[in-house]
Undergrad: 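Dropping the structure in here first, questions after.
Positions are given from 1, in the same order as the sequence printed here.
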Amino acid sequence: MKTSEYSTATWKTHPLNPKVANEQAIDWIFLVDSLNFSFWSEYDSADQYAVSYEGNTYRGYWTLCCSINRAISEGVSITDPRVFKDITEEQLSYIFRSDTKEPIPLLSERLAILHEVGTVLVEKFGGSFVNCIKQAEKSAMKLLHIIVDNFNSYRDEHLFRGRKVQIYKRAQILIADIWACFEGQGLGEFMDIDEITMFADYRVPQALVHFNALEYSSDLLALLRSNTIIPSGDRLEVEIRGCSIWAVECLRREIQTLMDQFPNQSKYRKVNPILIDFYVWDYAKAYPEQLKDIPIHLTRSLYY
């Protein structure tokens, strides 16, 4: 992270992300993170959901960004809540059309979410997530509560040993993406951004195991390698996600200690869970061969 000077500026270097930090970028980010879940495939590699755009073929999460950018280039106002709150399944299916045998997973669930979040934005927030940000008054935690209090599909809550735990993966990554896009300025300025945790999904835990920041028991490894589907909210799933959050917090503390020892070797003086998560996720996507022997946990979830 130090040698590559990994920072918020890295976010815009991804070819499919918006390059200009404006209200249109916020509309794009809100749409993407409302649909940012469950891209792992049960198909053979050649048949897995894939989307081509501008000469490149994308899989996994990037198919979502690619499909939205493709729709925009075709003249569809897909980032407008007034449009997607009434979008039909046929229209959405066309936007997410695949180059392979596999369609996008959970299409009907994505449709329902678009109807929900689009209606809430139009009826309560003047048709734009920008108004949610303004209401938060530069507080990431206040914005987090605005999101989960108003948008049911972002309410990533589970019962674990009799206690309610709130992971809020998509709500937190929505805030983090805006922070990164605006590089902590303007609409992306949050005075308490470091209170956001990492984004507990299925790809980052895999990379944390690779980095020896997380360790799976032999029984859990055997279960994951058997491709057993773990239900959303299951004890094992919540433990994997919760331990990932804590592992990244431990990493943050250690990295910050190292940075404090060598203050002149980087122009960046502080690291938070967001930057570590972004880095680890990018690493997992960039080096799939190094991680191929470490299984992800298979959970069909609307939350990640």
Side-chain angles (χ1 to χ4, degrees), residues 29-42 49 60-65 68 84 92 96 104-121 129 132 140-141 143-161 163-179 195-208 214 224 228-249 273-274 276-278 280-281 284-285 295-304:
I29 291 168
F30 179 80
L31 175 62
V32 165
D33 285 325
S34 293
L35 300 176
N36 182 3
F37 56 86
S38 200
F39 291 100
W40 60 268
S41 177
E42 298 177 67
Y49 179 56
Y61 161 77
W62 293 115
T63 59
L64 170 61
C65 305
I68 289 172
F84 62 70
L92 193 62
F96 290 119
I104 188 171
L106 305 179
L107 178 67
S108 61
E109 288 83 356
R110 297 178 199 277
L111 179 70
I113 286 174
L114 286 185
H115 290 169
E116 177 229 333
V117 299
T119 299
V120 171
L121 281 181
F129 189 71
C132 299
M141 299 311 291
L143 182 55
L144 179 65
H145 287 293
I146 290 171
I147 295 167
V148 299
D149 288 346
N150 289 281
F151 302 96
N152 290 334
S153 56
Y154 277 90
R155 206 166 294 153
D156 183 4
E157 300 174 347
H158 309 276
L159 198 65
F160 181 77
R161 294 185 177 179
R163 292 181 60 182
K164 183 171 73 172
V165 293
Q166 300 137 313
I167 300 178
Y168 297 156
K169 184 266 184 181
R170 286 199 293 111
Q172 294 198 94
I173 201 170
L174 169 58
I175 297 168
D177 282 342
I178 292 168
W179 174 70
E195 293 189 38
I196 297 294
T197 74
M198 63 80 75
F199 320 118
D201 63 359
Y202 53 83
R203 189 62 70 191
V204 174
Q206 178 194 36
L208 291 173
L214 203 61
L224 298 182
T228 298
I229 305 296
I230 301 176
S232 179
D234 183 88
R235 178 183 63 83
L236 286 176
E237 184 229 14
V238 177
E239 284 186 3
I240 290 171
R241 300 181 75 199
C243 288
S244 298
I245 293 171
W246 182 241
V248 168
E249 172 57 21
I274 297 172
I276 296 172
D277 183 289
F278 283 172
V280 172
W281 190 88
K285 298 298 286 185
I296 64 170
H297 67 275
L298 302 179
T299 298
R300 281 292 175 212
S301 171
L302 304 182
Y303 301 120
Y304 65 96

Undergrad: Indicate yes or no: at least one non-hydrogen side-chain atom of E239 is less than 4.5 angstrom from one of R161.
TA: yes
Undergrad: Would you find a donor on one side and an acceptor on the other, under 3.5 Å apart, between the side chain of Q172 and the backbone of T197?
TA: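 Yes; judged by distance alone, with no hydrogens or angles, the pair exists.
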Undergrad: Backbone N or O of I229 within a donor-acceptor pair of the R300 side chain at under 3.5 Å?
TA: no
Undergrad: Indicate yes or no: at least one non-hydrogen side-chain atom of L214 is less than 4.5 angstrom from one of C243.
TA: yes
Undergrad: Can you see which heavy atom on L121 is nearest to which on C132, and at what distance?
TA: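 Closest heavy-atom pair between L121 and C132: CD2-SG, 4.3 Å.
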Undergrad: So, taking the atom named CG in L35 and the one named CZ in R110, what distance separates them when rounded to the nearest 0.5 Å?
TA: 6.5 Å
Undergrad: For D156, is there any backbone N or O sitting under 3.5 Å from a side-chain donor or acceptor partner on Y304?
TA: no
Undergrad: Is the shortest heavy-atom distance from the side chain of S232 to the side chain of E237 under 4.5 Å?
TA: yes
Undergrad: Go through the structure and list residues passing ring pair (Phe, Tyr, Trp, His ring centres under 6.0 Å) with Y61, not counting sequence neighbours.
TA: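 Per chain and number, Y61 pairs via ring pair (Phe, Tyr, Trp, His ring centres under 6.0 Å) with W281.
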Undergrad: What distance do I29 atom CD1 and I173 atom CD1 have between them, rounded to the nearest 0.5 Å?
TA: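 It is 10.5 Å, given to the nearest 0.5 Å.
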Undergrad: Tell me whether the rings of Y303 and H158 are parallel (<30°), tilted (30 to 60°) or perpendicular (>60°).
TA: perpendicular
Undergrad: For residues L236 and H297, determine if any side-chain heavy atom of one lies less than 4.5 Å from a side-chain heavy atom of the other.
TA: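 No. Closest side-chain heavy atoms not under 4.5 Å.
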Undergrad: What is the distance from atom CG of L302 to atom CD1 of I113, rounded to the nearest 0.5 Å?
TA: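 Rounded to the nearest 0.5 Å, the CG-CD1 separation comes to 5.0 Å.
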Undergrad: Kindly say whether F160 contributes a backbone atom to a donor-acceptor pair with the side chain of R235 at under 3.5 angstrom?
TA: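 Not a single qualifying donor-acceptor pair exists.
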Undergrad: Any chance you could measure L224, atom CG, to Y202, atom OH, to the nearest 0.5 Å?
TA: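 If we round to the nearest 0.5 Å, L224:CG and Y202:OH are 14.5 Å apart.
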Undergrad: Would a distance-only check, ignoring hydrogens and angles, find a side-chain to backbone donor-acceptor pair under 3.5 Å from E195 to M141?
TA: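 The answer is no, because no donor-acceptor pair under 3.5 Å joins these two groups.
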Undergrad: With side chains defined as the heavy atoms from C-beta onward, is the minimum distance between R170 and F199 less than 4.5 Å?
TA: no
Undergrad: After noting the C-alpha distance and the side-chain angles of L107 and L111, does the key distance pass the side chain to side chain contact (heavy atoms under 4.5 Å, CB included) rule?
TA: CA-CA 6 Å; L107 178 67; L111 179 70; 5.6 Å; no
Undergrad: Looking only at heavy atoms, what is the nearest atom pair of I175 and A140, with distance?
TA: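 Distance-wise, the nearest heavy atoms are CD1-O, 3.4 Å.
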Undergrad: Measure the CG-CG distance between N36 and D177 for me, rounded to the nearest 0.5 Å.
TA: 8.0 Å
Undergrad: Going by the rule ring pair (Phe, Tyr, Trp, His ring centres under 6.0 Å), which residues pair with Y154 if we only count those two or more places apart in sequence or in a different chain?
TA: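 Partners of Y154 by the ring pair (Phe, Tyr, Trp, His ring centres under 6.0 Å) criterion come out as none, since no residue qualifies.
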Undergrad: In Å, rounded to the nearest 0.5 Å, how long is the span from OG of S301 to CZ of R241?
TA: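 S301 OG to R241 CZ: 6.0 Å, rounded to 0.5 Å.
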Undergrad: For I104 and F39, what are the C-alpha separation, side-chain angles and deciding distance, and is it a side chain to side chain contact (heavy atoms under 4.5 Å, CB included)?
TA: CA-CA 8 Å; I104 188 171; F39 291 100; 4.2 Å; yes
Undergrad: Parallel, tilted or perpendicular: which one describes the rings of F129 and F151, with boundaries at 30° and 60°?
TA: tilted
Undergrad: State, yes or no, whether a side-chain contact exists between C65 and V32 at a heavy-atom distance under 4.5 Å.
TA: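 Yes. Closest side-chain heavy atoms under 4.5 Å.
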Undergrad: Contact between K169 and D201 at the side-chain level, heavy atoms closer than 4.5 Å - yes or no?
TA: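 Side chain of K169 against side chain of D201, heavy atoms only: contact under 4.5 Å found.
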Undergrad: Between the main-chain N or O of I146 and the side-chain N or O of N150, is there a donor-acceptor pair closer than 3.5 Å?
TA: yes
